[in-house]
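One structure is given here, and the rest of the page talks about it.
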Amino acid sequence: MATKTFGISPRGAVHRWTQTLIPTTREAPADAESPSHVFLSRAGFIRKLGAGIYDFLPLGYRVLKKVSQIVREEMDGAGAMELHLPVMLPIELYNETKRHVAYGDLLFKVTDRKGAVCALGPTHEEPITEMVKGSINSYKQLPINLYQIQTKFRDEARPRSGLLRGREFLMKDAYSFHTAVEGPGGLNETYDKMHAAYTNVFRRCGLDFTVVEAESGPIGGSASHEFMVNAASGEDTILKCPASGYAANVEKCEIGPRPAPAKGYFAGEPSGALEEVHTPGCPGIEDVVKFLKVKPQHMLKSVLFKVQSTPEDLAKYGEEFILAVVRGDHDVNEGKVRDAAGVSGVELADVKEAAAKGFAVGFISPRAALGKKGVLVVVDRDAAIGFDDAAGKPKFWVTGGDKIDYHVKHFNWQRDLGKDPLAAAAHKPETHGTGGLRGGDDYLMVADVRNALAGDPSPRSAGAKLETGRGIEVGHIFKLGTKYSDAMGLSVLGADQQKKSVIMGCYGIGVSRTVAAAVEQNHDENGIVWPVAIAPYHVLITLMRADSADHAALADKIAGELAARGVDVLIDDRDERPGPKFKDADLIGVPIRLTIGEKALAAGAVEFKTRRATDKGSLVPTGEIVEWCVQKIGDAMG
RNA sequence: CGGGGCGUAGCGCAGCUUGGUAGCGCGUUUGGUUCGGGACCAAAAGGUCGGAGGUUCAAAUCCUCUCGCCCCGACCA
């Protein structure tokens, strides 16, 4: 009969409090703020050595190993092979991908005695690509998926929240290599396997999580999903459609059809004569809102982006800009601006550049784009309004005065653009044209270019509204394509005897961050409430009288039997009073507590209590307690 | 990188304005009384006050420089 395994080895551990190191404290270090940081520190799981650098003490390391083991099992199960790459990466490795430039100061560097510089790997696309390049020549050797669980380094500008954003952290990173995107052995097949494996990992960890569509970010690539642990303290905003299950992070989230105004975009009489007002020192929406006592939804926010051009485009068309216009209470979404304009990238124009082009940053109105070659105005649907349907009157807009320290009231699209925006927009109101860029004629378009908000229409289900939540990113999968293989010259010979670019995917899990996220999501005022699968121990046996040989013997007996069933046991054998023992038990958050004391023993029983339960616990006959615990653990782990 | 703040015992803090050779709580050690949700009494150990320079008879305290750490922000005008 196969024994079910709960822990990291078939036989469970039996450890004694007095023989391990669990330095609990009543007070948290002054710099700890987030729950995971406070409790992991107070409960003796981690200890800070420097900014964003932490010791993992025995309890913390046990949790880290358990998460790692789950990750390892699921990766192996999905056909990935574990390997181990160096942390120190010669800086020359980045010559072809230029990512040492893209990463900038985020990259830790060390210099050896000869003056040679090494980066401490923040991720490992380059070394894995380099390694595969030297090891694989034929399509017959693909696909392959390789992973490691490795310490990573990032010189974060501001490390914070303990393990959540450290400068040194444990990460699982996998890289897959293919000759095709579709079909058997293609990238999509592995991507889907990884998606499933990640779902298994976080489900097995006992975490409540959401998978969201994501922007691929600086790592590059074509498609990606993020795995977010749902927690109020999360740094990332995610949006979900309750009807369709669609979920995305705020950078990526689409907004469903928004009804066009009844009279059409931009149409409507002015709300009054254009009035210039002096707004000294008020470049921001908030400043103006306070100063003029107008509502932000009556302001137009104009943000100037510079188009990232290739040298060829630059020579042909010169520098090009996009002026994105959204309502004052909305946020411009850079990715949507980029996509709407149909360009490969945009970046915020700096103040000097903008001024040179005639834009007064902080006080820009859409009028500033008039008559300027190479400037496209992209107006969000909620900003392309002339008549306020809800209010039944002309829309009142406040926008920039196009000179420092001035705004204007009663802006009207049709009157003040001096050219009929309706006609201009009519060309391509819905399509992703290139507008006035690349020598085109259109200078203005209407599109979805703002961040989604709670209450916005779902893009996947008519009538449903998006909801927001907070999340902690613990996993991220990308379809990389040929970005790295092309840059570094990784190709294989195909069946047709022709060289083929290798198509890559990459898949990361923040292992140490997952530990912290688990605490963010699972704690109460007394301490951590570990999910069973990643708890440092499954069972804590608390001895009320550590000096009683009988009690100790019983604890040993129960612990031994539990261990034989794969259960990890910690025996609190400290000669302490009950108070501190119970407080520490709650703090370290072991899921099951067995209390051995005179009271229960008189009834031939031990006291059983789960960490999550609020009651005092129940008495279970000593002869049945092992089976009882095994049962409960099995239930809890599904 | 900009702004703010903090470095004094393992942890949390006071002392600094007004210089005079360091204190409190928790924890730790010893003895005793206790013993089911952070006990009590008594004794004790533990700090070159982040570092370097300076002023002074005398510096945790004043001055200069440094290093470390935390928080907010980092370009949505």
Side-chain angles (χ1 to χ4, degrees), chain A residues 21 23-34 37-38 41-42 44 47-53 104-105 155-162 167 250-251 279 281-289 296 299-306 322-337 346-355 359-365 368 380 383 399-402 404-405 407 449-451 526-527 542-548 572 574-587 593 595-602 607 609 616-617:
Chain A
L21 179 64
T24 60
T25 59
R26 198 191 287 251
E27 284 178 287
D31 53 34
E33 293 202 335
S34 62
H37 193 185
V38 168
S41 302
R42 280 193 54 207
R47 192 184 165 89
K48 186 169 85 172
L49 188 60
I53 309 172
D105 290 338
D155 193 357
E156 292 285 349
R158 191 145 87 77
R160 71 190 92 175
S161 303
R167 297 198 295 171
V250 72
E251 282 75 36
T279 50
C282 294
I285 294 289
E286 281 188 20
D287 307 317
V288 182
V289 162
M299 298 211 42
L300 289 176
K301 188 192 286 186
S302 306
V303 182
L304 188 68
F305 292 94
K306 188 171 141 186
I322 297 169
L323 187 65
V325 184
V326 299
R327 223 167 67 184
D329 55 332
H330 292 157
D331 287 327
V332 175
N333 182 305
E334 199 173 301
K336 291 181 181 180
V337 169
V346 298
E347 59 189 342
L348 228 47
D350 74 45
V351 176
K352 272 189 188 165
E353 276 177 333
F359 291 97
V361 166
F363 305 90
I364 303 176
S365 90
D380 185 68
T399 188
D402 292 314
I404 299 294
D405 288 347
H407 279 79
V449 289
R450 69 165 170 88
N451 283 346
N526 295 317
T542 302
L543 290 170
M544 297 310 293
R545 297 296 306 239
D547 54 359
S548 161
D572 185 355
R574 293 175 299 170
D575 185 13
E576 272 292 345
R577 294 168 53 81
K581 289 191 153 197
F582 290 140
K583 285 290 181 192
D584 280 346
D586 287 346
L587 190 56
R593 190 182 84 203
T595 306
I596 294 181
E598 300 291 355
K599 276 187 186 173
L601 280 182
E607 189 177 307
K609 181 182 178 302
K616 280 283 175 192

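All chains are named by letter (A, B, ...) in the order of the sequence lines, taking the proteins before the strands, and each is independently numbered beginning at 1. Quick note: numbers below take in every heavy atom, side chains included, and nothing from hydrogens, waters or symmetry partners.
- Straight-line distance from the CZ atom of Arg160(A) to the P atom of G73(B): 8 Å, rounded to whole Å.
- The CE-C1' distance, from Met299(A) to C76(B), rounds to 13 Å in whole Å.
- Rounded to an integer number of Å, the gap from CG of Asp586(A) to C1' of G38(B) is 11 Å.
- Residue Arg158(A) has a polar side-chain atom (N or O) positioned under 4.0 Å from OP1 or OP2 of C71(B).
- Between Arg47(A) and C11(B) there is a side-chain N or O to OP1 or OP2 distance below 4.0 Å.
- If you take CG of Asn526(A) and P of G37(B), they are 14 Å apart, rounded to a whole angstrom.
- In this structure, CD of Glu33(A) is placed 17 Å from P of G5(B), rounded to the nearest angstrom.
- Remark: P of C11(B) and CZ of Arg26(A) are 16 Å apart, rounded to the nearest angstrom.
- For G37(B), its base sits under 3.5 Å from the side chain of Arg593(A) at one donor and acceptor pair at least.
- When distances are taken from the side chain of Arg545(A) to each of C35(B), C76(B), C69(B), the shortest belongs to C35(B).
- When rounded to the nearest whole Å, the span between CG of Asp31(A) and P of G4(B) equals 21 Å.
- In this model, no side-chain donor or acceptor of Glu598(A) finds a partner on the base of G36(B) within 3.5 Å.
- Asp105(A) comes within 4.0 angstrom of no nucleic acid atom, judged by non-hydrogen atoms across all strands.
- Listed nucleotides: G38(B), C71(B), G36(B). Nearest to the side chain of Thr595(A): G36(B).
- Considering only side-chain N and O atoms, Lys581(A) lies nowhere under 4.0 angstrom from the phosphate OP1 or OP2 of C35(B).
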